[in-house]
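Okay, so here's the structure we're looking at.
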Amino acid sequence: MSTDLPPQVGRTRAGEPATFLEAVAEALWEEMERDDRVFLMGEDIGAYGGAFKVTRGFLDRFGPSRVIDTPISEGGFTGAAAGAAHMGLRPVVEMQFMDFISPAYDVLTNYIATSLYRGSGPLPLVVRGPAGGGNRGGPFHSQNVEMAFFHTPGLKIVYPSTPSDAKGLLKSAIRDDDPVLFEEHKGLYRAPFCRETLPAADRVVPIGKARVALEGEDLTIVSYGLMVHRCLEAAEALARDRIRVEVIDLRTLLPLDEEAIAASVRKTGKLLIVHEDTRTGGIAGEIAIRMNERAFEWLDGPILRVTAIDSPVPFSGELEDYFLPTAADVATAGRYLFRY
Amino acid sequence: MRGLAGIPREALEDLLFQCLQGKLLEERLRRSDTPQVLSGATREIDLRGIAIARAMRRTRDGKGDLCFPGPLAPGPALAFGATPLEYLRHAARTRTSPASARSGGDSWTDLRRGILGWSGRPGMMTQVVAGAALAFARRDADRAALAFESFPALDSGGWHEGMSLAAAQRAPVLVVLAGRDDGDRRSTTGSIARAYGIREIRAPANDLASLFRVASRARRRMAAEGGPALMKLGLLSAGRRGALLPQLRKQLLSEGLLLPSEIDAIARTASAGVSQALSRILREGAPEPEDALVAVRMDSAPLHPWTRMRSPSPEGSRVPSKEPGAVHVH
């Protein structure tokens, strides 16, 4: 087995800034080095190194018993991960694209998510993979799948927006005793604006805690994943209009850190929710009702949302650009809400 | 090798006890005076499932073999150390049941004993058991898995995905297809095994001791060499099913391994356990409604329906106020 580090896991040790993808790879590598119960399963993750090369070099270092190339059978290998987790291992399942998780919906929602409640014990496993649009992937390689699982009791859903959070949250997810869905926006994977020098120490980021990405007084914008960056762009534009925006990066969708949102709403009195996922049944609806329950007296305007439109993700670039929410959309909604 | 040859006397005594216990439990559950609370309990315990499951390596510390009883539940679970009372509690959905009345079907999970239960789509559990066997293979432990599935599982993609992975990864799992094979298929167990490049275990259909021996050998080979195996247990007529236990008894007597008095003593012990379980289950109550409220995640607290709390408010502890900032806590 090789002792050389593959390039995508050596940035932090070299003191260099890491991309989002490299942060994910480092988290996997370090957790596999730390705990021999951790192993990977997925399509083309071994010899090929993964569709996005997150696991390039892992097979050489950790061997075929810990980096398992699976048949094209998302339900089968997710179910197998559950069995391995029952036996004390810590599987990390890669969906080549998160769109492909749908064949595993049965085992995830009916078996894995219910395990603890049924008295079958916890199932510590992670299902991770690239999600989101903007890469001209069309309807089958661009989806955000979080809300298909959001209403399933028993799961956790993590969707980070920065390399440091991706690394720290993935480490937490692997160490967590509950099943965790971990979405990685592929638009962040190699984005130049999304490089960070990561701490060399073994830093974990707790699941279930949002962060304030930008402090402000006039308006709260809540988002996650790539859209956090769109919101920060919008906040810059709004700042030029003297509108001071607070941006909350959820980081974890389930469990939802509603206290962080409520605390910000109590400060600003205005709430805008932004997600790349489609509109109907998106997390904005859930956040809106929770703030209606928790912070109604503090609201000085309607809760608004900016989302993708309710359609499959279109393939053509022109169509996809229109489909996806933009920083300009966020800024427009922010101005409207500020003046309300 | 036929008859009882090669099987230690203690193993045969144990097999007899397990099968007697299963048979007695079945007979008691079939009686017309079975308590109403057990109306959902099985009326059929296939002793062949007990014989196969008893051939596996069982422990009580979660480090032995693993068994998914599937359509033959609860027999293989009893063979893996579950007690008749535990099964009756599960069937009656009492508050004391192993799954705390929160799970259905005829089986439940007890990982200390190596029992993996589920009530769901045929085939899915082959995936899960294959993953457990994969864990055994990865750690080079002397462990193997056993999964009973019904023949309709063969018509599910999930079963084939599980078998495909188990075969590719050389996971030590014995998959036993049981029950009525009435699917519109031309493949046989042998042709399926060949297609996956795995072993087919030919089961002697009507001889408990031979089934035990064949399963023991398959288990040893899987644990040593890895790789799954496939076995078929076809339907038996009621007459042939009823002849299984007398045949075992006859073999034990004819080969001089047990005296009639010893067999009677084993039968009395088994009967006492079943009787005690049946009388005790009548004294155990249903769960309280709020037993529905348990954690769904390791770090989550169950939430009461807020409308049923003493002071209704969405927060449960907060009285709505018109004045921002005013929060009253009970």
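Residue numbering restarts at 1 for every chain, and letters A, B, ... go by the order of the sequence lines.
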*Decide yes or no on side-chain contact (heavy atoms from CB on, under 4.5 Å) for B:Arg139 and A:Arg37, but give the supporting numbers first.*
CA-CA 9 Å; B:Arg139 295 184 152 186; A:Arg37 296 173 303 166; 3.2 Å; yes
Taking atom types as modelled and ignoring hydrogens, do the side chains of [X] and [Y] form a donor-acceptor contact shorter than 3.5 angstrom?
X        : Y        : value
A:Glu146 : A:Tyr224 : yes
B:Arg89  : B:Thr94  : no
A:Ser264 : A:Glu246 : yes
B:Tyr87  : B:Asp106 : yes
A:Thr152 : A:Thr109 : no

*Using a heavy-atom distance cut-off of less than 4.5 Å, which residues of residues 170-182 of chain A contact chain B?*
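Within residues 170-182 of chain A, near chain B: A:Asp177, A:Asp178.
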Quick one: what part of [X] sits under 4.5 Å from any heavy atom of chain B, side chain, backbone, both or neither?
X        : result
A:Ile207 : neither
A:Asp69  : backbone
A:Arg290 : neither

Only pairs of heavy atoms separated by less than 4.5 Å count here; which of [options] has the most with chain B?
options                              : result
A:Pro71, A:Gly75, A:Gly76            : A:Gly76
A:Thr70, A:Ile72, A:Asp106           : A:Asp106
A:Pro153, A:Gly119, A:Ala82, A:Gly79 : A:Gly79

Can you say whether [X] sits under 4.5 Å from chain A via the side chain, the backbone, both, or neither, judging by heavy atoms?
X        : value
B:Ala167 : neither
B:Ile115 : neither
B:Met124 : side chain
B:Val294 : both
B:Met125 : side chain
B:Asp299 : both
B:Ala168 : neither

*Please check if atom CD in B:Glu225 has more than 12 non-hydrogen atoms from other residues, nucleotides or ligands closer than 6.0 Å.*
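Enclosed.
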_Looking at A:Lys209, I want to see if its NZ is surrounded by more than 12 non-hydrogen atoms of other residues, nucleotides or ligands under 6.0 Å._
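Result for NZ/A:Lys209: open.
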*Cation-aromatic face contact A:Arg66/A:Phe39, 6.0 Å, 45 degrees*: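 Ring-cation test returns no.
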*Test: A:Arg244 cationic atom under 6.0 Å from A:Phe338 six-membered ring centre, within 45° of axis*: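 Geometry flag: not set, cation outside 6.0 Å or 45°.
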*May I ask you to name which of B:Arg143, B:Arg121, B:Lys63 has the most heavy-atom pairs under 4.5 Å with chain A?*
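The residue among B:Arg143, B:Arg121, B:Lys63 with the greatest pair count is B:Arg121.
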_Separation of B:Leu88 CG from B:Thr83 OG1 (nearest 0.5 Å)_ =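 Rounded to the nearest 0.5 Å, the OG1-CG separation comes to 8.0 Å.
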*For residues B:Trp118 and B:Phe68, establish whether the separation of their ring centroids is below 6.0 Å.*
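Centroid separation for B:Trp118 and B:Phe68: 6.0 Å or greater.
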_Would A:Glu217 and A:Lys270 count as a salt bridge (Lys or Arg N to Asp or Glu O under 4.0 Å) here? Give the steps._
CA-CA 10 Å; A:Glu217 306 290 331; A:Lys270 303 279 179 70; over 6 Å; no
